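Scope of the values below: all heavy atoms of this structure, side chains included, with no hydrogens, waters or symmetry mates. Remember, it's 1-based here, ligands and their atoms both numbered in the order they're listed. One-based numbering along the sequence shown. Note that the structure is predicted; figures quoted are calculated from it, not measured.
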Amino acid sequence: MNYRHAYHAGNHADVLKHAVLARLIEHMKKKDKPFRVVDAHAGVGVYDLSGIEAGKTGEWEGGIGKLAETFAPDVEALLAPYRAVIAALNPGGALRHYPGSPELALRLMRPQDRLIANELHPQDAVALERQYLHDPRCDVTSMDAETCLKARLPPPERRGLILVDPPYELKTEAEKTVRMLVQGVRRFLQGVFVVWYPLKADATAETVLTGIRDIGLPATLKVELRVREAFSAGGLAGSGLAILNAPWKLDEELRLLVPALAQRLGIGRWGEAQVAWINKPV
Ligand code: SAM
């Protein structure tokens with residue numbers, strides 16, 4: 001396992017993922033009934049943008065670093081929960097600490113909601129455990145994501161948001177992601193599943209999206225943000241999220257939010273957004 005999220009925290013892909021994740025948690029909170037977030041690839045929780053790893057790539061400067069200026073009020077209203085978490089982590093105002101998915105979830109969740117934060121990398125799992133040791137709402141585990149979903153789905157609350165956010169380091173990871181989703185949906189049909197995928201000059205996105213379409217769940221939405229053209233050996237040109245069992249009206253929110261983010265984060269003439277149904281709601 002070579003991937004460490006500390007090198008990439010706060011980049012354009014994180015901005016898309018976390019802005020959408022924050023919207024999803026807001027939707028979950030519309031009902032009083034508790035819900036559970038299962039974060040199968042959690043990372044360490046909080047990232048220091050002034051640290052050695054973030055400094056080596058400077059990726060955050062092309063992501064959260066470009067969000068200092070505000071957007072139009074309707075876009076800001078949708079970004080508000082995400083911005084509030086970042087502001088709470090940086091009380092002095094200057095941007096230094098960036099929230100990963102478990103931090104974002106815990107800060108937006110209510111006392112009755114629960115988080116399972118799972119991370120396989122031994123060092124990152126220790127850091128994650130240390131970070132959330134004292135939060136009774138959070139259970140940290142360290143196992144393979146596929147095992148985690150098998151063990152933890154369905155959640156006892158029968159309401160849940162499942163984040164599948166692998167690094168796609170291995171050639172087999174796109175197929176594994178689809179397999180995890182097939183098994184996850186079989187166990188927890190009503191769960192809201194969120195899957196991150198990279199947009200690169202390879203077949204990863206296509207493999208993931210074809211697999212997800214074939215699962216056949218209605219209300220499966222895809223949202224993509226490209227910051228530049230993809231070329232071979234050119235790395236990450238953008239990213240996408242597939243949302244299975246997408247909450248009602250999430251598509252309308254994202255049709256407003258994601259183009260604004262794409263315009264801001266795009267490099268040069270680039271900056272493309274796409275929000276489309278993979279399978280429409282019934
Ligand atoms: N979800 C995090 C966030 O948004 O802040 C970022 C996660 S990062 C993209 C992917 C994480 O998955 C890494 O921390 C990596 O160590 C972990 N990982 C890699 N393979 C895994 C596996 N098979 N099971 C669980 N975690 C894994």
Side-chain angles (χ1 to χ4, degrees), residues 1-25 37-49 51 53-54 57 59-60 63-64 81-82 85-86 89 97-108 115-132 138-153 161-181 183-184 193-200 204-205 208 225 235-236 238-243:
M1 293 180 75
N2 290 319
Y3 184 92
R4 310 298 294 276
H5 197 63
Y7 291 93
H8 311 289
N11 69 3
H12 58 83
D14 259 11
V15 170
L16 174 71
K17 178 191 4 173
H18 295 148
V20 173
L21 187 61
R23 293 296 339 139
L24 281 163
I25 294 173
V37 175
V38 181
D39 191 344
H41 307 80
V44 302
V46 177
Y47 299 90
D48 183 354
L49 299 180
E53 294 92 341
T57 63
E59 283 187 23
W60 68 271
I64 189 61
Y82 173 55
V85 172
I86 295 170
L89 268 180
H97 294 112
Y98 184 78
S101 46
E103 181 72 15
L104 198 71
L106 282 169
R107 285 192 180 256
L108 294 174
L115 169 69
I116 292 166
N118 179 68
E119 168 57 48
L120 187 61
H121 192 288
Q123 271 169 273
D124 286 358
V126 169
L128 186 67
E129 174 75 42
R130 206 175 290 141
Q131 184 76 21
Y132 299 119
C138 180
D139 187 4
V140 173
T141 59
S142 182
M143 51 183 130
D144 180 69
E146 189 172 9
T147 313
C148 172
L149 294 194
K150 277 189 192 159
R152 298 304 186 118
L153 296 183
L161 181 62
I162 299 95
L163 176 62
V164 177
D165 185 18
Y168 297 94
E169 262 186 318
L170 306 171
K171 281 213 157 60
T172 51
E173 216 151 4
E175 284 88 0
K176 181 178 173 182
T177 298
V178 172
R179 196 171 68 229
M180 276 195 278
L181 285 168
Q183 291 164 353
F193 290 81
V194 190
V195 189
W196 183 88
Y197 54 89
L199 296 176
K200 298 191 285 191
T204 306
V208 172
L225 191 164
L236 200 64
S239 64
L241 294 164
I243 302 150

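Using a 4.5 Å heavy-atom cutoff, the side chains of Val195 and Thr177 are in contact. A 4.5 Å side-chain heavy-atom check between Leu24 and Leu163 finds every atom pair outside the cut-off. Between Pro99 and His18 the shortest side-chain heavy-atom distance does not fall below 4.5 Å. Between Ile243 and Phe193 there is no side-chain heavy-atom pair separated by less than 4.5 Å.
Contacts with ligand 1 closer than 4.0 Å are made by heavy atoms of both the backbone and the side chain of His41. Under 4.0 angstrom from ligand 1, the non-hydrogen atoms of His18 all belong to its side chain. By the criterion of a heavy-atom distance under 4.0 Å, neither the backbone nor the side chain of Cys148 is placed next to ligand 1. The proximity of Lys17 to ligand 1, defined as any non-hydrogen pair under 4.0 Å, is limited to the side chain. The side chain of Lys176, and not its backbone, has at least one atom closer than 4.0 Å to an atom of ligand 1 (non-hydrogen atoms only; side chain from C-beta on).
Using a 4.0 angstrom heavy-atom cutoff, Glu103 does not count as in contact with ligand 1.
Applying the 4.0 Å criterion to heavy atoms of Ala42 picks out, from ligand 1, the atoms 2 (C). In the vicinity of Met143, heavy-atom distances shorter than 4.0 Å reach the ligand 1 atoms 24 (N), 25 (C). Close approach of ligand 1 to Gly100 (heavy-atom distance below 4.0 Å) involves ligand atoms 5 (O). Close approach of ligand 1 to Ala40 (heavy-atom distance below 4.0 Å) involves ligand atoms 25 (C), 26 (N). Counting the atoms of ligand 1 from 1 in the order shown, those under 4.0 Å from a heavy atom of His121 are 16 (O). For ligand 1 and Gly43, the ligand atoms under 4.0 Å from any heavy atom of the residue are 14 (O).
When the options Glu119, Glu146, Met180 are ranked by their closest heavy atom to atom 11 (C) of ligand 1, first place goes to Glu119.
Proximity of a side-chain donor or acceptor of Asn118 to a complementary backbone N or O of Met143 within less than 3.5 Å is detected. Checked by atom type and distance alone, the side chain of Glu173 pairs as donor or acceptor with a backbone atom of Glu169 at under 3.5 Å. No side-chain donor-acceptor contact under 3.5 Å links Glu53 to the backbone of Ala6. Under the 3.5 Å distance criterion, the side-chain polar atoms of Ser142 are matched with a main-chain donor or acceptor of Glu119.
Distance from atom 24 (N) of ligand 1 to its nearest protein heavy atom, with residue and atom name: Ala145 N, 2.9 Å.
For Met1, no nitrogen or oxygen atom sits less than 3.5 Å from a nitrogen or oxygen atom of ligand 1, counting backbone and side chain alike. Residue Ser101 has at least one nitrogen or oxygen atom sitting less than 3.5 Å from a nitrogen or oxygen atom of ligand 1, judged on distance alone. The shortest N/O to N/O separation between Glu173 and ligand 1 does not fall below 3.5 Å. Any N or O atom pair closer than 3.5 Å counts here, and Asp165 shares at least one such pair with ligand 1. Checked against a 3.5 angstrom limit, the closest N/O atoms of Asp144 and ligand 1 fall inside it.
Take Glu59 and apply the salt bridge (charged side-chain N to carboxylate O under 4.0 Å, His left out) test, not counting sequence neighbours, and it matches no residue.
Between Lys176 and Asp144 a salt bridge is recorded (basic side-chain N to carboxylate O distance below 4.0 Å). Ion pairing between a basic and an acidic side chain is recognised when a charged N comes within 4.0 Å of a carboxylate O; Glu175 and Arg179 show no such pairing.
Checking His5 against Asp124 by side-chain atom types alone, no donor-acceptor pair falls below 3.5 Å.
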